[in-house]
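Note that these values count all heavy atoms, side chains included, but never hydrogens, waters or copies made by symmetry. Residues take their numbers from the sequence shown, with the count starting at 1. Please read all numbers here as calculations on a predicted model, not as lab measurements.
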Amino acid sequence: MTPAKHVFPLIAVLSCHSPASAQRIDITVKNLAADKGYISSLNGENALRIDSVTSAGGERFVYNMSAKGLQPGFYRLSFEKNRWIDYVYDNEDVTLTTDAGNILDSMKVVTSESNRLYYTFVTLNKQYKAKSELLQLVLARYPGDDPYYRTTKSTLSKLQSEYSGFVNTTSRARPASFIARYVRAAQSPVVDGRLPPEKQLERLKANGLDHVDFSDEGLIRSDVFTSKSIEYLMYYRNPQLPKELLEKEFMTAVDSILVRARVNQAVYQHVTQYLIEGFRNFGFEKCIDYILANYVIKDDLCLDEGSGSAVAKMVDQKKLFTPGAVLPDILLPDSSGNVIDLKRLPAKRFLVVFYSGACRHCRTLIPKLKEAYDGRTSKETEVLGVSLDTDRDGWLGLVRQERLGWLSVSDLLGWISPVSRNYHIYATPTMVVVDNEMRMIAAPATVEEARKWF
C-alpha cells in the first residue's frame, strides 16, 4: 500500500468521463491564494517534478495532461507550505474541488472513475487488513469445536470473499486501465485463516508476490513495486534474530523479489535501487553487498545516478574491492606533514580505515578497533587511519582523544580527496585489508571481522 508520506486524498465521484475527452486536470482549492502550483509524477517513494501550472484567481489549477504526453499513473499537484493533492491520471478528465484549510476532508471529485475506484480500494484494503488480522487472532486461540470459532471462521470467509470480489470486479471491468492493473498488483494476499500462523507465513513467502506483474513497466509510476517489496521483506523479519542472521533472511527475500523483477529492465532497476537505498538507511551493509554482487554487477545493471551518487559509488567500490585485485596506492601526509606511502611501509598486511571525526559510527568503531589493535598477538597487520576530515583540529583531536597508536594520515580535503575518489568512498567508516603489494584481501564490515587480522 501507499507509504504514510504519500497519503492520497479520500475522494468520491459523481460521473465518469470517456478517454476521448480533453484529459486534463481541473483542481480548485478554495482559500488558497497561490499563484503557481507544481505537477510531479509519483515514482515509488519519490515525487519527480515535471512542470508548473499558473493558477486562475489563486485557487483554480488547470493542466492538460494529454497535451504534455504524460502517461497514466499517480501524480501530485503541490503548492506552498508543504501542501499537495495527489490524484490518479488514467486517460480521463480529473476534476476536483477542495478547501485549503482541510484539503483531504473537503475533497470532492466531480469526474474520474479511476479515482473513485482507488479511494474504494484504499478504504477496503485498510479495513480488510485490520479485520482479518483480528479474526485470524481469534481463530488461532479458540478451539475448533467452539461456536465462536465457527462464527469467526464464517465472518473471515465472507470478508475475504468480498475483498476478492471487489479486486476481481475492478480488474475485469477495464483490464488494460492503469487503475485495474494497479489494484491487481497492490491487492493484499488472501490466506486460509484455518491454517496455523507458521503455515500462513509459509504461504505468504511462497505466494505473496503472485499478483505483482513485474513486467508492467507502467506501474513504476506508482508505489506498487516498492510497497509490495517492503511488505514481502516483512515476512522474513524476525526481531529475535541477531543482525547477521536477519540479513541472511532478507537475502532470501531479495532473491524472490529480484528474480521476478528481472523480466523487465526498467522495473528491475527501479526495485533494485529501492532495495539498496532501503538497506542503506537501516545499515544492512551485507544485504547491499549481496545485491551488488549477485544482481547489479552480475547483470551489469545500470542504476540511476540522478537519485544519488552514493549508489553509483557503492557499485564502483564493489567492483574495485575484488580479492586479489591491486588497489590504488595511498600517499598522504601525516600530522607532521611527512608524506606516507602505504606501499613502502614495512608490514605484511595493512588494515586501512577511512573515517571522519564527525561520523557517529566512526566514533563508535574506532575505540573498539583500537582495543583489538592494542591486544593483538601478532605484528603482521598494521593499521593506517585515513581521515576524511577537512578540519585539522577535528582530525588530530580524535587521534589524541583515543590515543591511537597506528599511523594517521589526511590531506584535509574530505570527500573530494583523491584517495576518497580512488577508493569510491560513499560512507564512513570503510575498511579494507591489503597486503604489502596493495593486493586486496578483505573488506571487513565490522570490528569483529577486522579483529581476525590482528
Revision key, fill the gap. Note: Ile179 and Asp90 closest approach over all heavy atoms is N-OD2, 3.0 Å
**Study point:** side-chain contact (heavy atoms from CB on, under 4.5 Å) between Leu32 and Glu80, intermediate numbers included
**Key:** CA-CA 9 Å; Leu32 179 64; Glu80 85 287 352; 3.9 Å; yes
Review point. Does any donor atom in the side chain of Asn43 or Asn46 lie under 3.5 Å from an acceptor atom in the other side chain?
Key: no
Practice item. Taking the six-membered ring for Trp and the full ring for Phe, Tyr or His, determine whether the centres of Tyr148 and Tyr142 are under 6.0 Å apart. Key: yes
Review point. Is it true that Arg184 and Asp213 make a salt bridge, defined as a side-chain N closer than 4.0 Å to a carboxylate O?
Key: no
**Study point:** Side chain proximity check, Ile288 to Glu285, heavy atoms < 4.5 angstrom
**Key:** yes
Check your understanding: Step by step, would you call Glu231 with Lys228 a salt bridge (charged side-chain N to carboxylate O under 4.0 Å, His left out)?
Key -> CA-CA 5 Å; Glu231 178 183 274; Lys228 296 304 286 187; 2.7 Å; yes
Check your understanding: Any side-chain heavy atom of Leu258 within less than 4.5 Å of one from Ile291?
Key -> yes
**Study point:** Over-ring placement of Lys36 relative to Phe79, 6.0 Å and 45° cut-offs
**Key:** no
Point to revise | Donor-acceptor side-chain pairing of Tyr423 and Asp316 below 3.5 angstrom | key: no
Review point. OH of Tyr355 to CG of Asp389: how many Å apart, nearest 0.5 Å?
Key: 7.0 Å
Exercise for review: Salt-bridge test for Arg280 and Glu277: reply yes if a basic N is under 4.0 Å from a carboxylate O, no otherwise.
Suggested key: no
Point to revise | Shortest non-hydrogen separation from Pro189 to Tyr128 and the atoms involved | key: O-OH, 3.8 Å
Point to revise | Pair Arg181 + Asp216, salt bridge at N-O below 4.0 Å | key: yes
Practice item. Heavy atoms only: give me the nearest Pro367-Cys362 pair and the separation to one decimal. Key: CD-O, 4.2 Å
Point to revise | Pair Thr155-Leu135, side-chain contact (heavy atoms from CB on, under 4.5 Å): steps then yes or no | key: CA-CA 8 Å; Thr155 302; Leu135 293 171; 4.0 Å; yes
Review point. What do the steps show when you test Lys243 against Glu247 for side-chain contact (heavy atoms from CB on, under 4.5 Å), and what is the final call?
Key: CA-CA 6 Å; Lys243 183 179 179 181; Glu247 285 184 311; 3.9 Å; yes
Review point. Does a donor on one side chain and an acceptor on the other come within less than 3.5 Å for Ser41 and Arg76?
Key: no
Check your understanding: Does the side chain of Lys452 come within less than 4.5 Å of Phe454's, by heavy atoms?
Key -> no
Review point. Using the ring of each side chain (for Trp, its six-membered ring), is Tyr236 parallel, tilted or perpendicular to Tyr232, with breaks at 30° and 60°?
Key: tilted
Review point. Within a strict 4.5 Å, meaning less than it, do heavy atoms of the Trp395 and Asp391 side chains meet?
Key: no
Practice item. Please report the shortest heavy-atom distance between Gln317 and Thr430, naming the atom on each side. Key: NE2-CG2, 4.0 Å
Review point. Closest heavy-atom contact between Thr98 and Asn102?
Key: OG1-O, 3.9 Å
Check your understanding: Thinking salt bridges, do Lys205 and Glu202 make one under a 4.0 Å N-O criterion?
Key -> no
Review point. Any side-chain heavy atom of Thr390 sitting closer than 4.5 Å to one from Leu413?
Key: no
Point to revise | Inter-residue atom distance His270.NE2 - Thr226.OG1, 0.5 Å rounding | key: 5.0 Å
Practice item. Answer yes if the ring centres of Tyr87 and Phe74 are under 6.0 angstrom apart, and no otherwise. Key: no
Check your understanding: Roughly how far, to the nearest 0.5 Å, is the OG atom of Ser52 from the CD1 atom of Ile39?
Key -> 9.0 Å
Point to revise | Val353 side chain reached by Leu369 side chain, heavy atoms, under 4.5 Å | key: yes
Check your understanding: In terms of side-chain heavy atoms, does Tyr63 have a donor or acceptor partner in Asp51 at a distance below 3.5 Å?
Key -> yes
Check your understanding: Between NZ of Lys108 and CG of Asp99, what distance do you get to the nearest 0.5 Å?
Key -> 10.5 Å
**Study point:** Residues Arg24, Glu92: salt bridge by 4.0 Å N-O rule
**Key:** no
**Study point:** Partner of Leu327 by side chain to side chain contact (heavy atoms under 4.5 Å, CB included), out of Asn422, Val432, Val352
**Key:** Val432
Practice item. Could you check Ile425 against Phe354 for side-chain contact (heavy atoms from CB on, under 4.5 Å), going step by step and ending with a plain yes or no? Key: CA-CA 8 Å; Ile425 303 300; Phe354 296 91; 3.7 Å; yes
Check your understanding: Got a second to check how far Glu133's CD is from Leu156's CG, nearest 0.5 Å?
Key -> 11.5 Å
Check your understanding: Is it true that Lys286 and Glu449 make a salt bridge, defined as a side-chain N closer than 4.0 Å to a carboxylate O?
Key -> yes
Exercise for review: Could you tell me whether Phe214 and Tyr268 have their ring centroids closer than 6.0 angstrom?
Suggested key: no
**Study point:** Parallel, tilted or perpendicular: rings of Tyr182 and Phe178 (30°, 60°)
**Key:** parallel
Review point. Does the side chain of Val29 reach to within under 4.5 Å of the side chain of Ile27, using non-hydrogen atoms?
Key: yes
Point to revise | Modelled atom types, side-chain donor and acceptor of Asn125 and Ser188, under 3.5 Å | key: yes
Check your understanding: Got Glu217 and Gln265 here, is their nearest side-chain heavy-atom distance under 4.5 Å?
Key -> no
Study note, to complete from the structure: Nearest heavy-atom approach of Tyr295 to Arg262 is CD2-NH2, 3.4 Å
